[in-house]
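In what follows, a single structure is set out as structure tokens and then discussed.
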Amino acid sequence: MSDKKTKPILTITSENEVLFDDKIPQLPDFKSEDWYRVLQDIDKPILLWQIDKKDSSRATSEVNQALKLETAFAGVHNPDLLKQLLDYWTLRRDRLIKQLEDQNIGRTTLIGVDKANQILAYERAIWIAINKYIQNCNKLYDISLAKDYPAAQKKHISISNLPQVAQDFQPNYGLVVLNQYCEDILDRTYSERIKIDDNRVAAILNESNIIIDGLCPTIDWKDISFVFIRKEEIEFRFQGKLLILHPDYENGLKSKDRKLTAECRTLWAFALTRGVITKHTRKIIRDVRVTQKNVSRLRKWLKTLTGQQSNPIKYNMVDGYKCRFSVQQVVYTVESDGTLTDRFVS
């Protein structure tokens, strides 16, 4: 028997201290892989070994914590650090879910995609940690056998060999949604998937028939715009996205008898005045007719469409109504006397 066979892959002391031997097989460096970058980026608990309780002077340093995170996935079946990570992420995830339940919001409806993104971020970290832990333990076991070194474990491990928190994990929105959110980040490189914006999360949830309150609940009003291309064709833009709205009963811009609603007519009035309506503009431009009731209805429609909860249209006695978003039209030219000239008539 060779001397190499008597060397352990690494030493784990009785107090869970891990000692590496650089002469034995190790996993290929994974610190630059996307899945590991996800675990680095998300918030984590202070990871502790038993020995840290006796001497914690360096246990919480940035270098020490980075080493422990790497050690957790180095391929040795010692799930102590993994359990600390999973306990923390599960607790954070469950608190977010409880916030939604406390507000009497169903599991399939959210006030804002940002909460869904936070929930999914913790679930992605949990899912990656579970899968990569098992994968790396088994990979190191195979490398050890191939290199004629004693394995750190007796056989391949599975989910049943992990702490109960891993065995009990169930995605809040389901595995299909979680897989879309991860999009194979476990196995291949998708650098653009490290950070997923709220609009993409909304699309993932919508594709899975999970209802979201509003199309852009986290976008500021100043970054939202409406442009009437025609009186019944509106460009709705937010964060580089473009949606074409054709007034109909489903989107609340037409009534059942196919007439334009007060919401649509009021939005059109604001488009004519580029978002500002005063007593003076109402006198000059004959098509600008708004009432307090109709503006209130438009505010409600805008909040429903976007998911925003703040006021989209401000009012004061001096300046009148002023939209916090951009709204205009390219159908007519508004002349100095308030008359409208069709731009498309030669």
Side-chain angles (χ1 to χ4, degrees), residues 34-35 37-39 41-43 86 89-131 168-188 190-221 223-226 235-246 248-253 300-310 312 325:
D34 278 5
W35 68 266
R37 288 167 58 199
V38 168
L39 300 187
D41 287 346
I42 196 169
D43 59 307
L86 299 186
W89 290 329
T90 301
L91 177 63
R92 301 284 287 187
R93 189 273 312 256
D94 290 349
R95 283 178 178 173
L96 288 168
I97 294 172
K98 189 175 187 303
Q99 287 178 18
L100 300 177
E101 293 174 345
D102 288 346
Q103 296 172 30
N104 295 319
I105 301 168
R107 293 173 66 87
T108 59
T109 306
L110 300 177
I111 299 178
V113 187
D114 55 332
K115 291 289 186 187
N117 205 344
Q118 292 175 53
I119 291 169
L120 282 165
Y122 287 123
E123 293 193 337
R124 178 166 68 166
I126 294 169
W127 193 235
I128 288 172
I130 291 172
N131 282 275
D168 293 341
F169 172 65
Q170 294 289 336
N172 182 61
Y173 297 110
L175 192 56
V176 172
V177 171
L178 182 58
N179 280 334
Q180 287 186 60
Y181 192 84
C182 291
E183 199 176 49
D184 290 335
I185 202 169
L186 286 167
D187 303 314
R188 290 188 283 277
Y190 285 89
S191 295
E192 70 276 14
R193 301 291 294 185
I194 297 301
K195 299 291 185 182
I196 304 180
D197 64 37
D198 290 331
N199 293 325
R200 177 56 187 148
V201 173
I204 290 172
L205 296 173
N206 286 331
E207 289 166 8
S208 301
N209 296 319
I210 294 174
I211 301 168
I212 296 299
D213 288 346
L215 294 172
C216 48
T218 62
I219 308 301
D220 290 337
W221 285 113
D223 298 320
I224 293 172
S225 70
F226 297 88
E235 286 188 352
F236 171 43
R237 295 179 181 269
F238 55 95
Q239 204 177 39
K241 307 292 183 181
L242 168 64
L243 293 178
I244 301 296
L245 299 177
H246 294 282
D248 58 35
Y249 179 70
E250 293 298 323
N251 59 31
L253 295 178
K300 184 177 180 180
W301 180 86
L302 288 165
K303 290 180 179 181
T304 300
L305 176 70
T306 62
Q308 283 276 3
Q309 298 304 304
S310 59
F325 53 91

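- Contact detail for F169 and R93: the closest heavy-atom pair is CE1-NH1, 4.0 Å.
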Run the side chain to side chain contact (heavy atoms under 4.5 Å, CB included) check on I128 and R124 step by step: do they pass? CA-CA 6 Å; I128 288 172; R124 178 166 68 166; 3.7 Å; yes
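- The shortest distance between side-chain heavy atoms of Y173 and I204 does not fall below 4.5 Å.
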Between N131 and W35, does a side chain to side chain contact (heavy atoms under 4.5 Å, CB included) hold up when you go through it step by step? CA-CA 10 Å; N131 282 275; W35 68 266; over 6 Å; no
Would you check, one step at a time, whether the test side chain to side chain contact (heavy atoms under 4.5 Å, CB included) holds for R193 with D34? CA-CA 8 Å; R193 301 291 294 185; D34 278 5; 5.9 Å; no
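- Shown here are the side chain to side chain donor-acceptor pair (under 3.5 Å) partners of W301, two or more places apart in sequence or in another chain: there are none.
- With sequence neighbours excluded, the residues satisfying side-chain contact (heavy atoms from CB on, under 4.5 Å) with D187 are Q135.
- Expressed to the nearest 0.5 Å, how far CG of L120 lies from CD1 of I196 amounts to 8.0 Å.
- With sequence neighbours left out, R200 forms a side chain to side chain donor-acceptor pair (under 3.5 Å) with no residue at all.
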Side-chain atoms of residues 235-243: list all donor-acceptor pairs with protein atoms under 3.5 Å, sequence neighbours left out, distances to 0.1 Å.
| residue | atom | partner | partner atom | Å |
| --- | --- | --- | --- | --- |
| E235 | OE1 | R237 | NE | 3.4 |
| E235 | OE1 | R237 | NH2 | 3.3 |
| Q239 | OE1 | N199 | ND2 | 2.5 |

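- To the nearest 0.5 angstrom, Q118 atom CD is 10.0 Å from I42 atom CD1.
- Under the side chain to side chain donor-acceptor pair (under 3.5 Å) criterion, D248 pairs with N251, sequence neighbours left out.
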For side chain to side chain contact (heavy atoms under 4.5 Å, CB included), just list the numbers for V177 and N172, CA-CA rounded to whole Å, side-chain angles, deciding distance to a tenth of an Å, and then say yes or no. CA-CA 9 Å; V177 171; N172 182 61; over 6 Å; no
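- A search for side-chain contact (heavy atoms from CB on, under 4.5 Å) contacts involving A202 returns V113, N206, not counting sequence neighbours.
- Between the CG atom in L178 and the CD1 atom in I119 there is a gap of 12.5 Å [rounded to 0.5 Å].
- The side-chain heavy atoms of W127 and P171, taken from C-beta on, include no pair separated by under 4.5 Å.
- For the atom pair L86 CG and L91 CG, the distance stands at 12.5 Å (nearest 0.5 Å).
- Note that CD of E207 is 5.0 Å distant from CD of Q180, once rounded to the nearest 0.5 Å.
- Applying the side chain to side chain donor-acceptor pair (under 3.5 Å) rule to S310 yields the partners W221; only residues at least two apart in sequence or on another chain are considered.
- Of all heavy-atom pairs spanning L39 and A125, the tightest one is CD2-O, 3.7 Å.
- Residue L305 holds its CG atom at 6.5 Å from CG of L245, rounded to the nearest 0.5 Å.
- With sequence neighbours excluded, the residues forming a salt bridge (charged side-chain N to carboxylate O under 4.0 Å, His left out) with D43 are R92, listed by chain and number.
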